[in-house]
Amino acid sequence: MKLFDTMQKRLVDLELGDEVRIYVCGITAYDYSHIGHARNVVLFDTLRRFLEFREHRVIMVQNFTDIDDKIINRAVSEGRKALEISSLFIEEFMRDVEELNVKECIRPKVSDYILQIIQAVQRLIEKGYAYTVEKENGEDVYFHVPAFDGYGKLSGLSTEELKKHRIEPDPMKKDPRDFALWKAAKKEDFEAESYFDSPWGPGRPGWHIECSIMSSEILGTPFDIHGGGMDLIFPHHENERAQSYALHGVEPVRYWVHNNFVTVNGEKMSKSLGNIIRIRDVVERHGGMALRYLLLSAHYRHPLDYSEERVVEAKRSYEYLLNSLRNADMEIAYLKTFGGERDGDEIPSFMDAFVEALENDFNTPKALAVMHELASNINSRQFSAGLNSLERAFEELHTMMDVMGLVRDYRRSPVLGEEDRSRVLEREVARRKREFDVADRIRDEFKNRGIVLVDTKHGTRWYLA
Ligand SMILES: Nc1ncnc2c1ncn2[C@@H]1O[C@H](COP(=O)(O)OP(=O)(O)OP(=O)(O)O)[C@@H](O)[C@H]1O
Ligand SMILES: [Zn+2]
């Protein structure tokens with residue numbers, strides 16, 4: 001399949017083995033997650049589902065950053081420990097992604113990798129890529145950018161541009177681009193109990209080294225796909241690549257894939273801009289599937305502007321797909337119950353078009369459009385298509401919805417036995433005679449058993465509630 005590789009700055013034909021290893025930067029757990037985070041999670045979950053559908057074994061990792069300034073600041077202001085804050089929001093995140101039908105994956109936390117991080121920092125010092133700087137309570141360790149050839153290759157920023165981004169200004173740094181691998185503990189770190197013993201005194205890892213270590217420890221080096229939001233290209237991923245390359249002596253990631261933002265009125269949704277909408281608020285109002293649909297309705301390299309109307313529209317589109325799936329299913333159950341041989345119309349297959357859309361730079365909006373074509377073909381031929389064709393169309397739409405993560409635990413309409421069959425027919429007779437109380441009673445009988453009867457112009461159909 002083709003994806004846009006940030007490093008090569010072009011669409012590339014991925015060369016993948018049976019096993020595909022993916023690492024995606026996850027949330028910094030200091031608050032409830034917003035829809036921007038959800039876009040990132042849903043995109044890579046869907047990519048993973050598609051690769052699995054294409055018969056790859058996928059090892060999927062998305063980390064939690066549970067050691068970070070933002071977590072520590074919140075902990076200090078609330079008089080709590082950093083790990084209390086992070087574990088609370090990790091739990092809340094897990095609740096959110098469950099609603100979004102995200103598959104389980106490996107979710108490491110930085111705090112479980114401190115030893116490996118310390119060892120890696122030591123190795124970087126030994127290899128001449130890093131140096132220490134005296135601080136009040138110990139030493140900082142910095143990665144020395146000029147020691148690594150090819151810095152800037154991922155982000156494509158020139159040395160001049162890179163120098164302008166003094167993200168951690170510090171007169172002790174040998175080069176303005178140098179960044180922290182290890183930070184000597186400060187007052188707040190002690191207060192929030194977010195520090196660890198190390199050869200450089202009490203301190204904590206810098207953000208970038210965390211991901212280098214978690215990814216290589218779990219997936220090995222190199223691994224196939226590294227994902228994240230495009231805000232992470234610089235400095236986070238540029239620095240991650242430099243560290244990992246310096247440690248392992250090889251290009252650590254085969255393909256870099258970045259998602260564009262969820263925006264509100266054209267601006268990135270982010271905490272600092274104060275324009276966030278929490279995942280759970282949308283889920284409560286419209287359901288997780290409506291949100292998932294919305295997030296997949298834009299191409300991953302384009303921004304997705306959030307609005308309430310768009311979610312409502314997404315919900316309608318999602319329900320159209322689900323109803324179409326159900327229509328095929330109900331007709332199959334009907335034909336099997338009442339004798340299904342008919343020389344019907346053929347519902348055309350759309351599977352090739354679906355796969356092609358996703359193979360070609362993971363065009364999820366196009367894939368959704370293909371699904372709608374199939375759905376509309378099902379709806380227009382529901383009462384005329386033959387059993388085999390309906391079965392195939394059902395399977396097809398179900399598979400597509402599963403790849404997109406838009407269906408879970410779908411329960412098929414049951415084939416009815418003798419007794420239920422005659423009750424259904426009795427009810428049809430009662431309706432024709434306008435004996436609606438009898439008809440309603442029978443409908444309620446079914447309903448109490450979890451079977452919803454649906455009246456169509458071609459007779460009764462039913463599905464499981
Ligand atoms: N508005 C957004 N749209 C798409 N992806 C986003 C958005 N905001 C964050 N992400 C992505 O979500 C993942 C988790 O990010 P992280 O917890 O670092 O968020 P953040 O940038 O701190 O969020 P915020 O800016 O709200 O504080 C990253 O891959 C990041 O790129
Ligand atoms: Zn990361």
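All ligand and atom numbering here is 1-based and tracks the order in the structure.
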Flag [X] as yes when one of its N or O atoms lies below 3.5 Å from any N or O atom of ligand 1, and as no otherwise.
X	result
M269	yes
V262	yes
T28	yes

Note the single closest protein heavy atom to [atom], along with its residue, its atom name and the distance in Å.
atom	value
atom 31 (O) of ligand 1	D231 OD1, 2.5 Å
atom 5 (N) of ligand 1	G36 O, 3.1 Å
atom 28 (C) of ligand 1	L232 CD1, 3.7 Å
atom 24 (P) of ligand 1	K271 N, 3.6 Å
atom 9 (C) of ligand 1	H37 CD2, 3.6 Å
atom 25 (O) of ligand 1	S270 CB, 3.0 Å

Practice item. Answer yes if the side chains of N363 and H299 hold a donor-acceptor pair under 3.5 Å, and no otherwise. Key: no
Is [X] salt-bridged to [Y], cutoff N-O under 4.0 Å?
X	Y	result
D189	K183	no
E52	R48	yes
R278	E284	no
D45	K103	no
R123	E126	no
K366	E356	no

Review point. Quick one: angle C211 SG - the Zn ion (ligand 2) - H236 NE2, to the nearest 10°?
Key: 110°
Practice item. Consider ligand 1: state whether an atom of it lies below 4.0 angstrom from any non-hydrogen atom of C25. Key: yes
Exercise for review: Take every heavy atom of Y30, measure it against each atom of ligand 1, and state whether any distance is under 4.0 Å.
Suggested key: yes
Check your understanding: Per the ring-ring contact (aromatic ring centres under 6.0 Å, His included) rule, which among Y30, F93, Y113 passes with F64?
Key -> F93
**Study point:** Residue part near ligand 1, for K70, under 4.0 Å between non-hydrogen atoms
**Key:** side chain
Check your understanding: If you count the atoms of ligand 1 from 1 in the order shown, which ones are under 4.0 Å from a heavy atom of N259?
Key -> 4 (C), 5 (N)
Review point. For ligand 1, which atoms, with element, lie under 4.0 Å from some heavy atom of G228?
Key: 29 (O)
Exercise for review: Verify the ring-centre separation between F89 and Y32: is it less than 6.0 angstrom?
Suggested key: yes
Practice item. Kindly confirm or rule out a cation-pi arrangement of R326 over Y463, judged by NZ or CZ under 6.0 Å from the six-membered ring centre and within 45° of its axis? Key: yes
Check your understanding: If you draw the axis of the six-membered ring of F394, does the NZ or CZ of R412 fall within 45° of it and under 6.0 Å from the ring centre?
Key -> yes
Check your understanding: Has C25 got an N, O or S atom lying less than 2.8 Å from the Zn ion (ligand 2)?
Key -> yes
**Study point:** Nearest neighbour of atom 29 (O) of ligand 1 from the list G26, G229, S33, on a heavy-atom basis
**Key:** G229
Exercise for review: Tell me which one of N260, N40, L304 gets a heavy atom nearest to atom 13 (C) of ligand 1.
Suggested key: N40
